[in-house]
**Student:** 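Structure incoming, see below.
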Amino acid sequence: MSDLRKPKKLTQKYLQERLKYNPRTGNFIWKSSSKMTKDWNTRYANKVAGCKTPDGYIVICIDGNDYLAHRLAFLWTENLWPKYQIDHIDRNTSNNKWSNLRQATNSQNQFNCKLYENNKTGFKGIHLDNRSKTYHAQISAYGKRIRIGGFSTPNEANLILV
């Protein structure tokens, strides 16, 4: 599979010649076209494009190059490749409805991830310091961890982060 984040020379015009995008459903549908071969029309026309990866993303192959559908949705609607990552607001990586997608920096995208399974406080950025028996709040920004302070409950620690 090719590098799915690196934009190829795919343009909005060419993309729209090949595929229809429904922003309400997030689906891409192959178009039939007189420019395409007869085999193409009978096999793919009017069918949902793409396949799901093991981590739930939809990948669409166009002219032998693989593209993430959420990045294609951005190209389709904005006529440019996204400068940053595309975040799925509801965290469902196969939900490519336009209302569920937003451009995000890596930090913003990471903040929208689910809690780790071993999280015992129920809050992001809060952990129990077993030595002091206090809950510590911390954030990460620009690759550095910033400790905010210690609190007696996880709720108090979370209030400082909100």
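All of these numbers come straight from a predicted model, not from anything done at the bench.
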**Student:** Write down the atom of Phe151, the atom of Ala137, and the distance for their closest heavy-atom approach.
**Tutor:**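 Heavy-atom minimum between the residues: CE1-CB, 4.1 Å.
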**Student:** Please name the pair of heavy atoms, one in Tyr84 and one in Ala104, separated by the smallest distance, quoted to 0.1 Å.
**Tutor:**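 Looks like CB-O, 3.1 Å.
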**Student:** Linking I/L/V/M/F/W/Y whenever their side-chain heavy atoms sit closer than 4.5 Å, directly or via other members, would Ile60 and Val48 fall into one cluster?
**Tutor:**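 No: no chain of side-chain contacts under 4.5 Å links Ile60 to Val48.
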**Student:** With a 4.5 Å limit on heavy-atom distance, are the side chains of Arg71 and Pro82 in contact?
**Tutor:** yes
**Student:** Where is the tightest heavy-atom contact between Thr93 and His88, given as atom of each residue plus distance?
**Tutor:**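 Smallest heavy-atom distance, with atoms named: O-NE2, 3.3 Å.
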**Student:** When you compare the side chain of Ile89 with that of Arg102, does any pair of heavy atoms fall below 4.5 Å?
**Tutor:** yes
**Student:** Between Lys31 and Gln16 (side chain of the first, backbone of the second, donor and acceptor by atom type, cut-off under 3.5 Å), is there such a pair?
**Tutor:** yes
**Student:** Is the backbone of Tyr44 close enough, under 3.5 Å, to the side chain of Lys47 for a donor and an acceptor to pair up by distance?
**Tutor:** no
**Student:** For a quick test of reading the model, state the closest non-hydrogen atom pair linking Ser32 to Ala45 and the distance between them.
**Tutor:** CB-CB, 3.5 Å
**Student:** For Asn27 and Asn22, test the side chains for any donor-to-acceptor distance below 3.5 angstrom and give the result as yes or no.
**Tutor:** no
**Student:** Could you check whether any side-chain N or O of Asn100 sits under 3.5 Å from a backbone N or O of Asp90, counting only pairs where one atom can act as donor and the other as acceptor?
**Tutor:** yes
**Student:** For residues Leu72 and Leu10, determine if any side-chain heavy atom of one lies less than 4.5 Å from a side-chain heavy atom of the other.
**Tutor:**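 When only atoms from C-beta onward are counted, Leu10 and Leu72 do touch, with a gap below 4.5 Å.
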**Student:** Is a side-chain donor-acceptor pair under 3.5 Å present for Gln103 with Asp87?
**Tutor:** no
**Student:** Give the cluster check for Ile126 versus Leu115: same hydrophobic cluster or not, with ILVMFWY residues linked at side-chain heavy-atom distances below 4.5 Å.
**Tutor:** no
**Student:** Does a side chain donor of either Asn95 or His70 reach within less than 3.5 Å of an acceptor in the other side chain?
**Tutor:** no
**Student:** Is there a side-chain contact (heavy atoms from CB on, under 4.5 Å) between Tyr67 and Val59 once you walk through the steps?
**Tutor:** CA-CA 5 Å; Tyr67 298 91; Val59 175; over 6 Å; no
**Student:** Are the side chain of Gln138 and the backbone of Ile146 linked by a donor-acceptor contact shorter than 3.5 Å?
**Tutor:**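 Checking the backbone N and O of Ile146 against the side chain of Gln138, no donor-acceptor pair under 3.5 Å is found.
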**Student:** Looking only at heavy atoms, what is the nearest atom pair of Tyr57 and Leu68, with distance?
**Tutor:**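 Shortest heavy-atom contact: CB-CD2, 3.9 Å.
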**Student:** Where do Ile58 and Asn96 come nearest, in terms of heavy atoms and distance?
**Tutor:**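 Distance-wise, the nearest heavy atoms are CG1-ND2, 3.7 Å.
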**Student:** Among the clusters formed by ILVMFWY side chains lying less than 4.5 Å apart, do Trp81 and Phe28 turn up in the same one?
**Tutor:** yes
**Student:** Would a 4.5 Å heavy-atom cut-off, applied to side chains only, mark Trp30 and Leu19 as touching?
**Tutor:** yes
**Student:** Could you check Tyr14 against Arg18 for side chain to side chain donor-acceptor pair (under 3.5 Å), going step by step and ending with a plain yes or no?
**Tutor:** CA-CA 6 Å; Tyr14 188 74; Arg18 295 288 178 138; 2.7 Å; yes
**Student:** Find out whether Thr105 and Gln85 are in side-chain contact, i.e. whether some heavy atom of one side chain is under 4.5 Å from a heavy atom of the other.
**Tutor:** no
**Student:** Is atom NZ of Lys20 surrounded by more than 12 heavy atoms (other residues, nucleotides or ligands) closer than 6.0 Å?
**Tutor:** yes
**Student:** Any heavy-atom pair between the side chains of Trp98 and Thr77 that's under 4.5 Å?
**Tutor:**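 Thr77 vs Trp98: side chains touch.
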**Student:** Which distance, rounded to the nearest 0.5 Å, do you find between the CD of Glu78 and the NZ of Lys83?
**Tutor:** 14.5 Å
**Student:** Examine the side chains of Asn119 and Thr121 and answer whether a donor and an acceptor come within less than 3.5 Å of each other.
**Tutor:**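 The answer is yes; a qualifying pair exists.
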**Student:** Using the rule that two of Ile, Leu, Val, Met, Phe, Trp, Tyr join whenever any of their side-chain heavy atoms come within less than 4.5 Å, decide whether Leu80 and Ile86 are in one cluster.
**Tutor:** yes
**Student:** Checking Tyr21 against Leu15 for the side-chain contact (heavy atoms from CB on, under 4.5 Å) test, could you report, in this order, the C-alpha distance in whole Å, the side-chain angles of both residues, the deciding distance, and whether it holds?
**Tutor:** CA-CA 10 Å; Tyr21 171 63; Leu15 176 63; over 6 Å; no
**Student:** Decide yes or no for Thr25 and Lys97: does some side-chain heavy atom of the first lie under 4.5 Å from some side-chain heavy atom of the second?
**Tutor:** no
**Student:** Treating Asn155 as the side-chain partner and Leu159 as the backbone partner, does any N or O pair qualify as donor plus acceptor under 3.5 Å?
**Tutor:**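 Checking the backbone N and O of Leu159 against the side chain of Asn155, no donor-acceptor pair under 3.5 Å is found.
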